[in-house]
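Notes follow once the structure below has been shown.
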Amino acid sequence: MSQARPGDAAPVHDLIGIGFGPSNVAMAIAISEHNARSGTREAVTAQFFEQQPAFGWHRGMLIDDATMQVSFLKDLVTLRNPASEFSFLCYLKSKGRLIDFINHKNLFPLRVEFHDYFEWAASQVDDMVSYDHEVVGVTQVVEDGVVEFLDVTVRSGEGLTVHRARNLVIGTGLRPLVPEGVERGDRVWHNSELLTRVEELDGTSPSRFVVVGAGQSAAENVAYLHRRFPGAEICAVFSRYGYSPADDSSFANKIFDPDAVDEFYAAPENVKRRLMDYHGNTNYSVVDIDLIDDLYRQMYQEKVLGTERLRFLNVSRLTAVEETPDRAHATVKSLVTGEETRLDADVVVFATGYSPADPLGLLGEVGAHCLRDEAGRIRVERDYRIATGTGLNCGIYLQGGTEHTHGITSALLSNTAIRVGEILDSLLDRGVKSAPDEARPVADGGTR
Ligand SMILES: Cc1cc2nc3c(=O)[nH]c(=O)nc-3n(C[C@H](O)[C@H](O)[C@H](O)COP(=O)(O)OP(=O)(O)OC[C@H]3O[C@@H](n4cnc5c(N)ncnc54)[C@H](O)[C@@H]3O)c2cc1C
């Protein structure tokens, strides 16, 4: 625990953001637009830290033909400010593709194109971010018995530096998830590393891949590996009977609306659970119907031609995987007969999902101020601020990890533009704007 010293020379940021994925890029844009409107006295000072060397959004899954699962109108800004200069449409205009995009009559751009949009938007607020800077811890600064500031420790090429803030916004995203006991290695991957690891196979002739999982990422991996390695058999292993289509129908899609957050937040716990059960299939363990159709068509065509390379081991579970220097050995058990099949493969890919990064892992001693619900989960206020005891005057906001309180959009892009506006409003409403003499330029931190 640090004790603040009077006249302490460290600059105090109104907000420090951890991570600079789409959520915190949107946050930086909202602040930048607010600052442009409000003038110096009301300007919010913010500094973001991103561990990657440059902006990157799920780079390992930027498969060239994969498309967004969200309308381009749910970009970083439009739902909050349709006149924003940071919109996808402004991006298209700047790239000279606006009219071509319109003629395409398509709401769902390529994922690579949206990545380029994110990069374009992030580059316009890069005065607020330090790349190659990993946040490794947070400590509290106590004045008169109350935590007034948070010191954020950051690791970069320059070693460890400490940066002081009145508020934090944690946007550290998702972590790849593999089943318990599975060790990732040269031949056992999570799908998040697909495109980076696949390069290592250049010049070899893989004969078999096993892909575990039945969600969108799993189906994309199957299709991609099948296309990229024409000599390889692709075995898809999953416990379902078949891939299930994502429900993207209009009424169900309303679960992603900004108003749905209000309703979900206010709903009793059993209703929250029921809503997730009813509408989990808008997002979880489901696949775009076009991709399902493509895979089926491919499988059938191979059957007709006698060139089968796509195998679906359904109602099955991978029970063991073992890696040797040049192979991965998977054991797959049929859930119907209990029969075990051993598959020797070049690579086993686990497309078994992600989980939100645990914010308390970073918060260290500050975590003791965070309140929990009866189930032990972090309590989060409607404004995305972690509920804390009276001993802490700082706001700790979450972008992600709030599915239990705010619903299914927690880790998605759908509500990002609105969410960052709500967080900014909360910061301003709580009167946490720095006193003018403390609102020094971020460059004082000296680590960008
Ligand atoms: C392959 C894939 C496709 C997806 N497609 C869609 C889609 O089409 N539509 C949709 O709505 N959602 C989609 N999602 C969901 C996804 O969560 C969101 O798109 C989006 O990534 C959320 O943004 P974020 O900024 O909250 O998290 P992230 O994009 O995960 O960004 C978090 C950032 O924090 C950084 N970071 C983490 N820890 C630290 C630390 N300690 N210090 C510094 N930096 C740190 C990370 O490096 C990362 O850059 C997809 C997810 C995946 C995996």
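Heavy-atom basis, side chains included; hydrogens, waters and symmetry copies ignored. Numbering of ligands and ligand atoms starts at 1, following listing order.
Taking OG of S192 as the start and NE2 of H58 as the end, the distance is 9.5 Å to the nearest 0.5 Å. If you take CG on L412 and CG on N283, they are separated by 4.5 Å, rounding to the nearest 0.5 Å.
Using a 4.0 Å cut-off to heavy atoms of G171, the atoms of ligand 1 that qualify are 32 (C), 33 (C), 34 (O). Atoms of ligand 1 found under 4.0 Å from any heavy atom of S23, numbered from 1 in the order shown, are 23 (O), 24 (P), 25 (O), 26 (O). Using a 4.0 Å cut-off to heavy atoms of F49, the atoms of ligand 1 that qualify are 43 (C), 44 (N). Of all the atoms in ligand 1, the ones that sit under 4.0 Å from a non-hydrogen atom of H133 are 43 (C). Annotation for ligand 1: atoms under 4.0 Å from non-hydrogen atoms of M61 are 1 (C). Taking every non-hydrogen atom of R175 and a distance limit under 4.0 Å, the qualifying atoms of ligand 1 come out as 37 (C), 38 (N).
Nearest to atom 6 (C) of ligand 1 by heavy-atom distance, out of F256, Y131, W57, F114, is W57. Of the candidates A26, G17, P22, the one placing a heavy atom closest to atom 29 (O) of ligand 1 is P22. Of the options H115, E220, H58, E134, the smallest heavy-atom separation from atom 2 (C) of ligand 1 is shown by H58.
With F256 as the aromatic partner, K74 does not meet the cation-pi criteria of under 6.0 angstrom to the ring centre and within 45 degrees of the ring axis.
The residue V136 has no part lying near ligand 1, judged by heavy-atom distances below 4.0 Å.
Salt bridge present: R228 and D202 bring a charged side-chain N and a carboxylate O closer than 4.0 Å. Contact check on R197 versus E193 returns a salt bridge, with a Lys/Arg side-chain nitrogen under 4.0 Å from an Asp/Glu carboxylate oxygen.
Heavy-atom separations between G400 and ligand 1 are all 4.0 Å or longer.
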